[in-house]
Structures are given as C-alpha cells and as structure tokens.
Amino acid sequence: MDTLLLSRIQFGANISFHILFPTITIALGWMLLFFKLRFSVTGERKWMDAYMFWVKIFALSFAMGVVSGITMSFQFGTNWPGFMETVGNVAGPLLAYEVITAFFLEAVFLGIMLFGASRVKPWVHTLATFLVAFGTTMSAFWIIVLNSWMHTPQGYELRDGVVFATDWWAIVFNPSMPYRLIHMLLASGLTVAFLIAGISALRLLWGDRAESVKTTLRVGIIAAAGLIPLQILAGDFHGLNTLEHQPAKVAAMEGNWDTGPNIPLVLFAIPDEEARENRFEIGIPNGASLILKHKVDGVVPGLNDFVAEDGTPLHPRVTPVFFSFRIMVATGMAMLALSWAGLYLLRRYGAGAMPDVPLYAFAAMSFSGWIATLAGWYTTEIGRQPWLVQGVLSTKDAVSDVPSGMVLSTLIGYLVIYAVLIVAYIGVITYLARKASRGEPLSSRVYPRSGEAEVAALHAGE
Amino acid sequence: MTYFGDPAIWLPWTFAALMGLSILIYVILDGFDLGVGLLMPLAEEREKDRLVASIGPFWDANETWLVLAIGLLLVAFPPAHGIILTSLYLPVFIMLVGLILRGVSFEFRAKAPLSQKKRWNAAFFIGSLMASMSQGFMLGMYVMGLTWTLSHVAFALLTAVFLTVGYSFIGAAWLIAKTEGALQTRAVGWAKGGIWGLILGIGAISVATPFVSPRIFDKWFSLPEFLYLSPMPILSGALVLYLFWRIHKLPQVGDKTAWSPFAAAMALFALAFAGMAYSFYPYVVPEQITIYDAAAAPESLFIILIGTLFVLPAILGYTALSYYIFRGKATELRYD
Ligand code: HDD
Ligand code: HEM
Ligand code: HEM
C-alpha cells in the first residue's frame, strides 16, 4: 500500500477515535451544568448524586478527548504537509483561534470544575462548569468552521496556487457551516441522551433503586425524544445544502446513476461501480425526487454526470458513501422509534416501574450515537473525495513523502492502542455503573445549598 | 500594507517570539508534571496518590501550551512545520503515544477496579518516559540540523537522557514545594540526583551548538558579542551553585524556602532557552529556512495577532487564578 492510502487510513483512524470523545464531552458538559443548577434550585440530593456519577465519566471522556486531540494537531504536519502549505492562510487562523479561545478555557477551568468544589464558592464552581461546557462548544464551532470551509470554500483567492484569505466573514460563515454545526451539536446531544438513558437502564436492570437513576433515565429519554425530530429535520436541510454545493456527493449517497425526474428513494442496494448500476435495489418510487426537490418529477443529479471524457470517475467511491449514509439514517430512525416509545412508557409506568424489555433496548442503544456520528462523518468526508478542499486541493497533492513503511508501522501502533483504550473505556463505565448500583456512596460530603452555611462532614479515611 | 513599518519583518519576528515563549512555558510546566510521572516508580505505594494529586488540576492546561506552540509553528511558518514534523515523524509518534498513555492512565488509575491500579501506574510512568525521551531526542536532532546521521542520532539519544533526568529534577523541585513530611524529604533526595541531568544536558548542548555551524560559532565567539553574552553562562553557573547549596539545606523548619529550587530551575530553563534562541535566530529550520522565508501571509498573521493580544492576557490571568486556587500543599483529589 502506498503512503497516500496509508495516510488516509491513519488520519481516518485518528479522527474517528478522537471524535468519539468530543461527541460525549460537548453535550455532557451542558448536562452536568443542568444537574448542578437543578440541585441548587431544588436542593434535592438526587441531582447531586447524578452529577457525581456523570462527572466521573465526563472526566474520563475529557482525558481521552484531549490526548487524541493532541495527536490530531500533529497529523497535519506529519502526514499532510501540503494541506498547510496550500490553505494554511485560511486554516491557520481558524485553528489558532480554536486553541486560544477554546482549549485554554476548557483545560484550565476543567481543573477547577473537577477538583475545586471544596476550594471555591459554589457559584464559582458553577461558573467553572459553565465555562468548560462553553469551551467545548466553542472548539466544536471553530473546527466545524474549518471543516465546512473545506467542503464549501469561499472568501479566498489563489495566488501561485496558494490560498490567500480575502473575506474572513465569508470564510467563517461559509454556506455549509450552519448546517454542519447544528447537525453536529444535535448529534452530540443525542449521543449523550442515549448514553445516559442506556447506562441508567442498565443500573435499573441491575436492581439499583436510587432516585437519581430514575431521574437520569427520565432526563435521557426526554432529551432523546426531543432532539431526534430536530436532528432529522436538520439532516434534511443539510442534505439540500449539500445538493446545492456538492451534487456528486448526494448522488453517491442516494445511489443514483442517471440524472432525471421521478427518481426512487433507494432503501437498499449493492452499488456496482464496474457496471455503474445498482444490484438488488429496493426503492420507494419518486422518493428521492420528493425528498430532494419536494416534487414527484423533480430532476435529481446522477453519478454519470460526473465522469471525465476518458471514463475516469470524478465522483467519490459510491459504496462506502452509500452505506454509511444508510447506517446513519437507520440509526436515526431507531432512535426515533425507541425514544418515543420510551416517552409513552414513562407516562404509563413511570421510570421506576419500566418493564425489562425497553430497559434492555435502551441499554443496547447506549453507544448508538457513536455509530451514527461516525457514519455521518464517513458520508461527509469520503463523499468529498477526490478533493481535500473542494475544487482547490486534491487529497493526493497534500500527502507527505514519508516512507510508507513508517506510516504503516505507526498506523498499526495507533490501532493497537486505540483498541485497548476503547475496551478499557467502556469497561470502566460499566464498572462504575455496577459499583454505583451496589449502593456504594458517591460522595461523603453534605452539600450546602447556596446561601446555607457549609457543613463539611468528611468521613474518616476518605 | 504598512502597519508600523514593514509587517514582513516584524510579524514573523513577533510570531517567532510568541512561539518561543509558548515552547518555554510548555517545557517548564509540562516538564514538572512529566517529571512527577518519571518519579512514580521511586515513590512508595501509598505516596503515589499524592504525587498524582500534586499535578491533577494542572496537567491538561500544561499540555495545551504544546498545542499552542505547534499551532503557532503551523500557522505562522507552514513550510517549516511540514519539514520539521516529517523529518521527526517517528519521535513525534513516540511522544504522542506517550502523552496518550499518560493522560488516560491518570483517569483510569483512579476509576478502574483496584486490581488494575498497578498496571495503570506503570502506564503512567512509561508514558511519561516516552514523552520525555522523545522530546529530548527531538531537541538534539533539531540542534544537529534535523539530519539523520549516526553521530547526530547518538547525540540526540544523549540529549534524550539528559532532558529526561532534567525533567525529573524539575518534577522533584515541584514536589518539594507541594508536599511535606517524609515525602518532601524523599523529593529532596530525588532532586539531588536529577540536578545532574540538567547540568549535563545544558552543558552538552552549549558545547555542541557552536560547532554545528560556523555561523553560530561566530555569533558566540567573536568580539564584542562574546563580552555581551558572557553574563549568560556566568548567571547559569551561579544558579547551579545556588541550587546545590539550597538543596543540601532542604527541607528546612517551617518550610521556608520550599519554592526556591523550583524558581531557580525555571530560571535555568529560561536561560538555556534564551541561549538556543540566540544561536538559531533567524532560522526556524536550522541553516535551511529563516522565519522570514517561511512566514505565512501578513494578512493572516495579523488576524491571529489581534486575537492573541486580547486573549493571551486572559489566558495568563485565569491560569494564574487556577494556580492560586490550588495553592498550598497538595491534598487528595476529590470531585466534591
Ligand atoms: C465537533 C467537535 C470536534 C471535532 C470535529 C474535533 N474536535 Fe478536537 N476537541 C473537541 C471538539 C472537536 C473538544 C470537545 O473541544 C475536545 C474534546 C475534549 C477536550 O478537551 O476538548 C477536543 C480536544 C482537542 C484537542 C486537545 C485540546 C486540549 O488540550 O484541551 C486538540 C489538540 C484537538 N481537539 C484538535 C482537533 C483537530 C486537529 C481536529 C480535526 C482535524 C479536531 N480536534 C476535531
Ligand atoms: C480541520 C478539520 C479537518 C481536516 C483538515 C480534515 C482532513 C482530512 C484529510 C486530509 C483526510 C484524508 C483524505 C481522505 O482519505 O479522505 C480526511 C479524511 C477523513 N476525515 Fe477529515 N478533516 C477534518 C475534519 C474532520 C472531522 C472533524 C472529522 C470527524 C470525525 C473528519 C473525519 C474524517 C474521516 C472519517 C476521514 C476518512 C475518510 C476516508 O477513509 O477516506 N474529518 N480528512
Ligand atoms: C435520520 C435522519 C438523518 C438525516 C436525513 C441526516 C442527514 C445527513 C446528511 C445529508 C449528512 C451529510 C452532510 C454532507 O453532505 O456533508 C449528514 C452528516 C452527518 N450526520 Fe446525519 N442525518 C440524520 C441523522 C443523524 C443522526 C441520528 C446523527 C448522530 C447522532 C447524525 C450525525 C451526523 C454527523 C456527525 C455528520 C457529519 C457532520 C456533518 O456533515 O454534519 N445524523 N447527515
């Protein structure tokens, strides 16, 4: 295998590993702030218990996010030197703003949020929690701006093959940015909602009767049920935006070969890139025309429009885009079904008396957000190929000339570490859940409510 | 464009200075927490939690200075960034793996079942070792001009060992300040060993650098520069003597001068760094590319500079706040 392919796999592996943890920390930060605020308003112990349990998972996810993020920031130089040489004048400032406005904020206040509760006033601690959540969201904003600019670049000019920024407003608010940002933030919210609901369901199944678990199950289900319709709507708008700017990607997502009206919505097929047709196709008549043009006879672009004179395709590889898109949408539909069924069961039985079957379903869906998020990113990124920056820089021109053996051996190294860490991460989350279900105390302090005097009752030996 | 003179001159200069500053801050700050990681195997089982607690609230922010430094290299000098990182591909990989292991075992050692704690403690040490060694190695390779010959690699392996021992020294100095009792006494002992790494490391680089290129040799040893520069080695020598004297008197009753080794170590790192900056200026890739050749477009640098001028004081401010909140001797890490 050549350096290009190996570098692509290596970058893909690293970013896939990295994105798992930001997806959790972005929304979980806000969720912890919510638990904290509920506690200071109601004074109910269960909110503090919920905070204490989830803050551990937050700290763990944050550490995983930080270390894999540091890896990401070196990948540009080690594997894609052409990227910075060509578009550095745009990418550089965006990355720099991410570091100075977001990373320092979250990293410094994380220390205060995690370990400072007994050293600062309650409101300072709440403020620190807010700043951490705000910082993660800011860093999501900047990186999505950059990534969206790579899909829909504008506000620049080319001089001698190098990109120079001309209009920063146009660069930051490039056409796909709002859609991608909203879709990503909702994805984070859903991932966390299902994680919270799933782990709470697991604890109920293990016989944990704590108030805080019933509450978090309820919070998780309600958040999921509220967010998923928004996500589907946002995804639809996102697709329309992509149709405008990257039609070849949409054609690959739909698995549609010929441009024309009355195009069916393909539910399943096996795209055959040699024969340039679908096998075993099952579709809904006129469906794609309806979704993309909102008319049965709307004209939808097909892949055959994107072929060079000599027959080489100018569109991305169809199979991975086609299937990853379907995995994302199918996960989204499963989320819709389960969360709304969960809502109904909550009204009918309450969180404490929920039957086992839906609890198992929620537990099984704990990490479903990860699957949909990864599938979504694969759709987006592979669908942009052969471009790295759409229309400006192709992926093969950005790769470094490091020997392929070097890339391969480091790739194997990363994969081994990531596999071990994923297993350890999920293992520790279930271990913490089991430990909490056994009723071991989460905290030994009696929390003062805002205004009351602080009564610190530390148990001996803790 | 003529903002205050020629931006093609002062912008690259400013960014080189900012980058140098963040590398220096990184080396000192992450230096002490990597150093604490290196000392883990020397500590007794029940002291290990205290070691980790002394760096707990800080390590993440400390590493962010590395992200800033590499980010500034990337944004301000894109071609240099590519050359440096591709030629250091393997040591960078080892450093990243080290930082990953370290960062996660920090969390896992406290949250995984007790039976696994030993394993994560080991990972914490190994990660710190990999990160320190590879950083020292990269330093040596950089001084030697980033070319992979046998003698350069040998020199880089030497600096790898010295920097690692040097980090363990500043880690021990940190522990002297942040701990008390028996642990503090042990930290004084570790500092006595570690100080040699610092001395030999600074010495090796100071001796080798002028001989790498005649240009650097002239910068140091022609008159009158030699006279202007002579305070630097003299000051460094004085600091080393001061450190020896201090460490042999510690720990003192009433914990009076517990911070002095750490402060002196910071000064020593800063001096050594200034010497290197003086030697290599104006090159960002030694003897190949100057900061002026490699600089990104002035428009883009200007955009970053404006933001930096507003945000950097805020970052320094809340970093100071965090060190203030967690002042005093390290206590157990608790979420409540
Ligand atoms: C949508 C969100 C998102 C995406 C797509 C990315 N990141 Fe990220 N990143 C975050 C959201 C985030 C975060 C939520 O802000 C993290 C996770 C945990 C943390 O500390 O911050 C983070 C951490 C993080 C760190 C460590 C910061 C620290 O020391 O605190 C670095 C260096 C990067 N990222 C770099 C990258 C690069 C180079 C990316 C793409 C090529 C990237 N991230 C994609
Ligand atoms: C600054 C932002 C980004 C840059 C510079 C960037 C750049 C790249 C590059 C150079 C590649 C390799 C070429 C390829 O094979 O496609 C790639 C692929 C990929 N990227 Fe991005 N990307 C960015 C953001 C993201 C984000 C935020 C994600 C989210 C997880 C992501 C997910 C992927 C994936 C999964 C691939 C692999 C595709 C494949 O197998 O070909 N990227 N990107
Ligand atoms: C069920 C309906 C959904 C639809 C119609 C939909 C639509 C889309 C489309 C069209 C894209 C590609 C954007 C591009 O062309 O660049 C995309 C990307 C993505 N999707 Fe979805 N999506 C859905 C559900 C979900 C769910 C449930 C999640 C996660 C929980 C998710 C996470 C993502 C992510 C992370 C990306 C990549 C980032 C981006 O481009 O926004 N999606 N989605």
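Convention: sequence-line order gives letters A, B, ...; per-chain numbering from 1. From a predicted model like this one, the values you see are computed outputs, not experimental measurements. All heavy atoms count here, side chains included; hydrogens, waters and symmetry mates do not.
- Note: A:Ile100 leads A:Val90, A:Ile100, A:Val428 in heavy-atom pairs under 4.5 Å with chain B.
- Residue with the most contacts toward chain A among B:Pro57, B:Pro113, B:Gly56, B:Ala112: B:Pro113 (heavy-atom pairs, distance under 4.5 Å).
- Residues A:Phe103 and B:Trp65 place their aromatic rings such that the two centres sit no closer than 6.0 Å.
- Taking chain B as the reference chain and counting heavy-atom pairs below 4.5 Å, the highest number among A:Ile417, A:Val124, A:Val162, A:Leu105 is found for A:Leu105.
- Checked for salt-bridge contact, B:Arg109 and B:Glu107 miss the test: no charged N lies under 4.0 Å from a carboxylate O.
- Aromatic ring centres of B:Trp13 and B:Tyr292: separated by at least 6.0 Å.
- Contacts of residues 23-33 of chain B with chain A at a heavy-atom distance below 4.5 Å are absent; not one residue qualifies.
- Across every non-hydrogen atom of B:Leu34 and B:Ser128, the tightest pair is O-CB, 3.7 Å.
- Looking at B:Thr308, both its backbone and its side chain come within 4.5 Å of chain A, counting heavy atoms on both sides.
- Among A:Thr410, A:Val108, A:Val420, the residue with the largest count of heavy-atom pairs under 4.5 Å with chain B is A:Thr410.
- Residue A:Val407 touches chain B through both its backbone and its side chain, counting heavy-atom pairs closer than 4.5 Å.
- The candidate from A:Thr166, A:Val99, A:Asn89 with the greatest count of non-hydrogen atom pairs under 4.5 Å with chain B is A:Asn89.
- The candidate from B:Val92, B:Ile70, B:Leu99 with the greatest count of non-hydrogen atom pairs under 4.5 Å with chain A is B:Ile70.
- Within the structure, side chain to side chain donor-acceptor pair (under 3.5 Å) pairs that include any residue of residues 415-433 of chain A comprise A:Asn14-A:Tyr418, A:Ser61-A:Tyr425 (at least two apart or interchain).
- Taking the six-membered ring for Trp and the full ring otherwise, B:Trp59 and B:Phe106 have centroids separated by under 6.0 Å.
- For a residue to count as touching a neighbouring chain, one of its non-hydrogen atoms must lie under 4.5 Å from one of that chain's; by this rule A:Gln10 touches chain B with the side chain only.
- Looking at A:Arg434, neither its backbone nor its side chain comes within 4.5 Å of chain B, counting heavy atoms on both sides.
- For an aromatic pair to be called close, the ring centres must be under 6.0 Å apart, and A:Trp168 with B:Phe302 fails this.
- If you measure heavy-atom distances from B:Leu74 to chain A, the contacts under 4.5 Å come from both the backbone and the side chain.
- For the set B:Phe326, B:Tyr89, B:Phe108, the entry with the most heavy-atom pairs within less than 4.5 Å of chain A is B:Tyr89.
- Only the side chain of A:Tyr97 comes within contact range of chain B, judged by heavy atoms closer than 4.5 Å.
- Aromatic ring centres of A:Phe164 and A:Tyr156: separated by at least 6.0 Å.
- When B:Val75, B:Thr86, B:Leu66, B:Ile100 are compared by the number of non-hydrogen pairs under 4.5 Å with chain A, B:Ile100 comes out ahead.
- At a threshold of 4.5 Å between non-hydrogen side-chain atoms, the residues B:Leu38 and B:Ser132 count as touching.
- Interface remark: A:Ile112 contributes backbone and side-chain atoms alike to the contact with chain B (heavy atom separation under 4.5 Å).
- At least one side-chain heavy atom of A:Arg159 sits under 4.5 Å from a side-chain heavy atom of A:Glu157.
- In this model, a donor atom of one side chain and an acceptor atom of the other lie less than 3.5 Å apart for A:Trp142 and A:Thr101.
- Ring pair A:Phe17/A:Tyr414: centre-to-centre distance not below 6.0 Å.
- Between A:Phe39 and A:Tyr51, the gap from one ring centroid to the other reaches at least 6.0 Å.
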